[in-house]
Amino acid sequence: MKNLKNIARQQISLLGMLALLLLWQLLGFLHLLPKFILPTPLEILAAFGRDSSLLAFHTWATLKVALLGLFLGVLIACLLAVLMDSLSWLNDLIYPLMVVVQTIPTIALAPILVLWLGYGILPKIVLIILTTTFPIIVSILDGFRHCDKDTLLLFQLMRANRRQILWHFKIPACLPYFYAGLRVSVSYAFVTTVVSEWLGGFEGLGVYMIQSKKLFQYDTMFAIIILISLISLLGMKLVDVSERYVIKWKRA
């Protein structure tokens with residue numbers, strides 16, 4: 001019964017999307033939506049075919065930077081979360097600073113990092129790390145705090161040291177929280193990469209978007225926006241697949 005309800009919901013969502021696309025195409029066909037405001041779905045689809053080689057080239061350039069920054073961000077976030085859980089003074093020192101950094105818009109941080117670090121890959125990587133570490137650190141710390149107290153007491157009564165408690169109890173217990181933060185960070189990584197590419201560079205979807213804007217190729221701009229959304233959704237889906245295989249007891 002539950003499966004039938006899920007299938008029905010998916011069909012309703014799909015029908016809603018199709019109806020929206022048909023209405024969008026109809027408004028464009030009737031010239032009620034100027035092309036410079038909103039190209040039609042068929043025009044955007046044509047842009048994918050026309051500019052496929054350039055889109056593939058710039059997508060790969062963006063993916064390389066985003067994945068490298070995401071990997072470093074996840075690694076730094078996990079290390080900091082473990083240290084902040086173990087050392088209360090470090091948590092009191094770093095946590096307020098992270099909150100302050102998160103309140104600064106990404107588009108405002110990007111030019112400052114370019115000014116300090118130049119127009120290479122380094123400011124992009126730093127910006128991705130700054131935006132991806134916070135959700136993961138908060139999620140892991142929240143997972144540590146919600147560990148079962150009785151199980152923790154059992155480990156202590158068995159005289160397990162801090163490393164054993166961390167490895168055999170706390171880390172497995174906080175994995176669902178970690179993946180919740182990772183989903184957010186994955187979407188942040190790709191969006192942040194594109195924002196950082198707006199400020200300079202020679203390749204990447206952000207650079208290509210600015211070039212398309214200057215050439216008044218609005219169909220290409222919308223194709224890039226859709227492509228960025230699809231990449232982010234694919235990244236989040238891969239996180240879900242990874243979670244099902246890593247947290248096997250949750251799948252069971």
Side-chain angles (χ1 to χ4, degrees), residues 2-3 5-7 9-10 13-14 17 55-56 58-85 94-95 98-99 101-102 105-106 109 121 124-148 166-197 204-206 223-252:
K2 183 181 286 187
N3 291 333
K5 288 183 179 179
N6 290 334
I7 293 173
R9 289 176 180 175
Q10 291 174 359
S13 301
L14 181 60
M17 289 294 295
L55 286 171
H58 290 291
T59 298
W60 175 239
T62 297
L63 277 175
K64 287 189 294 185
V65 177
L67 293 176
L68 178 59
L70 180 62
F71 172 76
L72 294 175
V74 171
L75 184 62
I76 292 171
C78 291
L79 292 174
L80 279 177
V82 172
L83 291 174
M84 290 167 68
D85 180 66
I94 295 179
Y95 194 84
M98 291 193 307
V99 173
V101 170
Q102 290 301 307
T106 304
L109 278 175
I121 193 176
K124 300 175 184 177
I125 296 297
V126 172
L127 189 63
I128 296 169
I129 291 173
L130 289 175
T131 54
T132 56
T133 52
F134 184 75
I136 297 176
I137 290 175
V138 171
S139 299
I140 293 176
L141 290 177
D142 195 34
F144 285 160
R145 294 189 185 103
H146 285 83
C147 287
D148 185 69
L166 176 67
W167 182 255
H168 294 288
F169 172 55
K170 283 192 170 184
I171 290 179
C174 81
L175 281 177
Y177 295 86
F178 164 75
Y179 273 102
L182 183 60
R183 287 188 193 92
V184 178
S185 294
V186 165
S187 61
Y188 280 2
F190 296 115
V191 174
T192 302
T193 305
V194 174
V195 170
S196 65
E197 289 169 346
L205 291 174
I224 295 170
I225 292 171
I226 293 172
L227 185 57
I228 295 167
S229 299
L230 291 175
I231 292 172
S232 298
L233 290 172
L234 177 61
M236 295 172 68
K237 183 63 177 179
L238 290 175
V239 171
D240 291 337
V241 173
S242 172
E243 182 181 14
R244 287 200 296 268
Y245 281 96
V246 172
I247 313 178
K248 295 181 180 180
W249 59 91
K250 183 179 180 181
R251 180 175 56 174

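These numbers come from a predicted model, not from an experiment.
Scanning for side-chain hydrogen bond (donor to acceptor under 3.5 Å, both in side chains) contacts around Ser139 gives an empty result, with sequence neighbours left out.
Taking each heavy atom of Thr62 and Leu205 in turn, the nearest pair found is OG1-N, 2.7 Å. The nearest pair of heavy atoms linking Ser232 to Val186 is O-CG1, 4.4 Å. For the pair Met236 and Ser187, the tightest heavy-atom approach, listed with the atom from each and the gap, is SD-CB, 4.3 Å. The two atoms that bring Pro176 and Pro172 nearest to each other are CD-O, 4.0 Å, heavy atoms only. Taking every heavy atom of both residues into account, Ile171 and Phe144 meet most closely at N-CE2, 4.3 Å. Heavy-atom minimum distance, Gln102 versus Leu130: NE2-O, 2.8 Å.
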Subject >> Worked verdict on Phe134 versus Val101 for side-chain contact (heavy atoms from CB on, under 4.5 Å) >> reply: CA-CA 9 Å; Phe134 184 75; Val101 170; over 6 Å; no

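Atom CG of Leu238 is separated from atom CD of Glu243 by 13.0 Å, given to the nearest 0.5 angstrom. Thr192 OG1 to Glu197 CD: the interatomic distance, rounded to the nearest 0.5 Å, is 11.0 Å. For the atom pair NZ of Lys124 and CD1 of Ile121, the computed distance is 7.0 Å after rounding to the nearest 0.5 Å. The distance from the CD1 atom of Ile140 to the OG1 atom of Thr133 is 10.5 Å, given to the nearest 0.5 Å. Taking CZ from Phe190 and OG from Ser185, the interatomic distance works out to 11.5 Å, rounded to the nearest 0.5 Å. Separating the CD1 atom in Ile76 from the CD1 atom in Ile129 is a distance of 4.0 Å, to the nearest 0.5 Å.
Thr131 places a side-chain N or O within donor-acceptor distance of the main-chain N or O of Ile128, the cut-off being under 3.5 Å.
Put simply, the side chain of Val138 reaches to within 4.5 Å of the side chain of Tyr95, judged on heavy atoms. When side chains are defined from C-beta on, Val74 counts as touching Cys78, because their heavy atoms get closer than 4.5 Å. Residues Phe71 and Leu67 have side chains not in contact (no heavy-atom distance under 4.5 Å, counting atoms from C-beta outward).
Salt bridge status for Arg183 with Asp240: present, with a side-chain N to carboxylate O gap under 4.0 Å.
Residue Lys237 qualifies as open at atom NZ: its count of foreign heavy atoms under 6.0 Å is 12 or below.
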